[in-house]
Amino acid sequence: MNHPLRLAENPGLSSYDLTGYKGNRGKNFYDEDKILQRVVERYSSDYKPDHKKAMVDHLKGYGELVGGTLDELTEASHKEGKYGEVVKYDRTGNRIDQIVYSHEQKLSRKISYDYGIVNLDFHDEWRFPFTDLHRQALTYLANQNGEGGVTCPLAMTEGMIRVLQGIGTEEQKKKYLPLVAGKGSFSHFMAGQYVTERVGGSNVGANRTIARKGENGKWILNGEKWFCSNPGDLWVTTAKIEDTETVGLFLVPRIKDDGELNGHHILRKKDIIGSKGKLTVEIVYEDLEAEALGRPAHGIANLIRYVIRTSRVHVGLAASGMSRRAFMEAREYSRYRTAYGKKIQDFSAYSRELAEMRILYAGLVMPIFRGIDWTQKGILAEQISTPLMKYRSSSLSSQITHRAIMALGGSGIIGDYTCLPRLHNDCIINETWEGTHLIITDHALGAMNRAKIRDSFVSELKKNFDSAKKYPELKAAAEFGENLLLDWNKSIEEKPREWKETFRVDLSDQAYGALVLSEFLEQAVFDRTSGSKKSKFDSFAKGFGAFLFRTLPKTFGDYESFRLDQEEVDEIVNW
């Protein structure tokens with residue numbers, strides 16, 4: 001055979017250590033995830049056996065899809081020419097303002113929707129409660145493929161379901177729940193949120209869209225929305241009631257009852273850094289027909305209670321899922337890549353990098369599910385942990401994905417080699433959703449300043465520190481965490497308001513550090529009370545303590561005692 005370029009003889013093109021490297025595609029992402037399995041096992045301990053088995057089987061099935069078919073579809077739908085487009089007119093010139101996605105994007109949404117990751121309780125064959133543990137474990141798994149054009153719409157759709165169930169009229173529930181949650185619906189995660197205007201997002205009270213009472217109980221809205229996340233078939237929106245400063249919450253269908261396009265015009269899609277699988281657009285309302293959701297006077301309260309709060313939990317889960325995937329990619333690469341005669345996973349500096357990445361993503365996942373459990377039990381500490389985890393999980397995830405890119409070296413920045421560049425950009429977007437760091441830490445500070453909520457937070461964490469101090473090998477970490485907690489609490493109680501507002505990020509970082517140390521120590525004590533002499537979470541607590549020494553301006557204790565030895569590092573990485 002003729003080889004004019006002599007490729008067959010070129011030594012630079014012969015097989016090498018990464019020949020055949022496929023990353024993590026084809027793995028079951030639930031089976032691979034020991035932290036998630038731990039969470040599911042702990043929080044389903046009171047489930048009936050048949051319910052627990054059905055839930056785990058369902059999670060395993062979705063884990064297989066996420067690691068296989070959905071991973072492929074997500075990659076395919078994130079290519080040039082595959083992103084969604086705004087089609088403004090039909091073939092005869094009628095305005096339709098329709099979003100058209102690629103086949104791969106639509107199929108990805110359909111598979112997850114039909115699997116029931118947001119609406120399993122609407123599936124006749126599912127005979128058990130669709131618990132928040134189950135629902136949010138699926139959300140976390142979905143995000144291991146990045147936002148993917150699915151998980152932002154998933155958050156929007158769950159928020160829509162919750163607000164309809166919570167304050168929707170019986171007519172609204174009957175009309176719209178089948179559209180956004182029905183098993184046979186054609187609208188796959190096509191519920192949106194249109195709140196932000198060019199004058200601002202978090203400062204909803206400054207919005208300028210106006211709502212006036214129309215006929216037949218409808219409202220007529222005029223104004224604009226600067227960021228419309230997931231434009232689709234049904235959305236929630238805000239507007240000021242005419243001649244008042246009251247912000248109402250409204251429900252808007254894209255198509256009116258008479259089949260005509262509702263009064264809105266999509267001006268353009270936004271050119272954003274990440275989350276490109278779903279569109280974000282800019283829109284103008286011109287005599288838009290809407291229905292009130294709940295009492296108009298309670299618009300902002302209902303928006304926060306049902307919509308924003310749901311989205312904030314999703315932000316934390318998204319950050320956790322993407323951080324988990326980043327660790328997976330860095331670890332898998334290290335098993336193949338050879339440098340200077342050995343696998344790079346065998347370099348102690350590299351293995352320590354992997355260990356800290358795993359500690360950090362575990363320090364996102366476990367407190368988020370703890371907060372979900374606190375919510376179900378009515379424990380007030382959750383009102384601090386939810387905004388706290390939205391802030392800290394989203395900021396840490398961008399760091400973790402960046403570190404994973406660096407772990408792969410030059411290969412880490414190539415979009416058709418690894419998913420990491422896409423995940424990293426998605427994480428940056430995730431940091432801005434439902435409040436920037438300065439906004440969300442202000443909300444966390446508001447909860448911290450309320451004595452009953454703060455006392456609950458201190459009580460839950462101190463209980464874990466007190467239990468851990470009984471074990472000599474956990475005492476140093478427990479005392480470190482307790483001192484961190486008490487110093488934080490003292491600052492909240494004694495510092496003037498202006499100081500706390502100025503340093504609210506520092507206070508949030510302190511609270512987060514105490515929360516995660518408390519969580520890891522609780523897990524370590526649980527293992528001992530279950531019969532084990534030691535726990536893997538001993539090393540997680542120790543390693544996280546070392547991270548805090550390096551990242552918090554005020555620390556207590558002996559840094560050297562928190563350095564992980566190589567055996568502990570290997571245990572964390574290989575678990």
Side-chain angles (χ1 to χ4, degrees), residues 312 316 363-364 366-368 370-375 377-393 395-396 435 437-471 474-525 540-542 544-559 562:
R312 285 179 175 170
L364 304 182
M366 305 188 95
I368 287 171
R370 180 70 63 183
I372 292 169
D373 185 60
W374 282 345
T375 300
K377 294 176 178 177
I379 295 174
L380 293 177
E382 173 275 328
Q383 294 185 38
I384 291 177
S385 71
T386 294
L388 191 67
M389 291 310 300
K390 188 278 172 191
Y391 150 62
R392 206 64 185 100
S393 63
S395 59
L396 272 176
H437 299 328
L438 293 179
I439 291 294
I440 202 69
T441 52
D442 185 54
H443 293 175
L445 179 61
M448 294 173 190
N449 280 327
R450 296 175 62 185
K452 286 186 178 180
I453 297 173
R454 184 173 68 254
D455 289 348
S456 175
F457 187 78
V458 171
S459 175
E460 290 297 320
L461 271 58
K462 195 172 186 308
K463 176 175 60 180
N464 294 336
F465 293 137
D466 288 342
S467 297
K469 281 191 289 186
K470 298 174 184 177
Y471 301 93
L474 301 179
K475 188 175 180 181
E479 289 179 345
F480 179 26
E482 184 177 49
N483 287 333
L484 194 63
L485 176 69
L486 295 179
D487 183 72
W488 166 82
N489 192 44
K490 183 179 179 182
S491 294
I492 295 294
E493 290 181 337
E494 297 181 1
K495 294 290 186 181
R497 175 180 176 181
E498 183 178 350
W499 186 95
K500 289 186 287 186
E501 289 179 350
T502 300
F503 296 103
R504 59 182 182 261
V505 172
D506 303 62
L507 289 168
S508 295
D509 288 344
Q510 268 192 300
Y512 168 76
L515 175 62
V516 176
L517 267 179
S518 165
E519 179 64 30
F520 286 156
L521 289 168
E522 192 277 340
Q523 298 288 341
V525 170
F540 278 76
K542 183 178 175 182
F544 187 71
F547 171 78
L548 292 179
F549 268 102
R550 298 200 320 274
T551 56
L552 286 182
K554 199 174 192 180
T555 54
F556 306 87
D558 177 16
Y559 179 29
F562 287 88

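Counting from 1, the numbers follow the sequence of the chain as shown.
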If we ignore hydrogens and angles and just use 3.5 Å, is the side chain of R504 paired with the main-chain N or O of E501 as donor and acceptor?
yes
Check the pair H437, V505 against side chain to side chain contact (heavy atoms under 4.5 Å, CB included), reporting the backbone distance first and the verdict last.
CA-CA 8 Å; H437 299 328; V505 172; 5.5 Å; no
Out of curiosity, R392 CZ to L364 CG, how far, rounded to the nearest 0.5 Å?
9.0 Å
Going by ring pair (Phe, Tyr, Trp, His ring centres under 6.0 Å), F562 matches just one of F540, F544, F547, F480. Which one?
F480
So L548 and L517, do their side chains get closer than 4.5 Å, heavy atoms only?
yes
Evaluate the side chain to side chain contact (heavy atoms under 4.5 Å, CB included) criterion for residues N489 and L485: first the C-alpha distance (whole Å), next the side-chain angles of each, then the deciding distance (0.1 Å), finally the verdict.
CA-CA 6 Å; N489 192 44; L485 176 69; 5.6 Å; no
Measure the spacing between NZ of K490 and CG of N483 and express it to the nearest 0.5 Å.
11.5 Å
Supply the atom-to-atom distance L388 CG to R312 CZ, rounded to the nearest 0.5 angstrom.
12.0 Å
Within the distance-only criterion (no hydrogens, no angle test), does the side chain of K495 pair as donor or acceptor with the backbone N or O of F503 below 3.5 angstrom?
no
L507 to S491 - nearest heavy-atom pair and separation:
CD2-CB, 3.9 Å
Salt-bridged, E482 to K469, with N to O below 4.0 Å?
yes
So CG of N464 and CG of L474: to nearest 0.5 Å the spacing works out to 11.5 Å
Without swapping roles, check the side chain of D442 against the backbone of L438 for a donor-acceptor pair under 3.5 Å.
no
Output the distance between atom CG (D455) and atom NZ (K462), rounded to the nearest 0.5 Å.
13.0 Å
L552 and L484: side chain to side chain contact (heavy atoms under 4.5 Å, CB included), yes or no, with the steps?
CA-CA 10 Å; L552 286 182; L484 194 63; 3.7 Å; yes
How close do L515 and P367 get, counting heavy atoms only, and between which atoms?
CD2-CB, 4.0 Å
Can you tell me how far apart NE2 (H443) and OG1 (T386) are? Round to the nearest 0.5 Å.
13.5 Å
On a heavy-atom basis, which atom in G446 and which in R450 lie closest, and how many Å separate them?
O-CG, 3.4 Å
So, does S385 use its side chain to make a donor-acceptor pair with the main chain of E382 at under 3.5 Å?
yes
Mind listing the closest non-hydrogen atom pair of L380 and I453 along with its distance?
O-CG2, 3.5 Å
Considering all heavy atoms, the nearest G363-M389 contact:
O-CE, 3.9 Å
Is the closest side-chain donor-acceptor distance between D509 and Y391 under 3.5 Å?
yes
Taking atom CZ of R550 as the centre, does the number of heavy atoms from other residues, nucleotides or ligands within less than 6.0 Å exceed 12?
yes
Which atom of S456 lies closest to which atom of A381, heavy atoms considered
OG-N, 3.0 Å
Does W488 reach the side chain of R454, with side-chain heavy atoms less than 4.5 Å apart?
yes
Apply side chain to side chain contact (heavy atoms under 4.5 Å, CB included) to the pair S508 and M448, showing each step before the final yes or no.
CA-CA 9 Å; S508 295; M448 294 173 190; 3.8 Å; yes
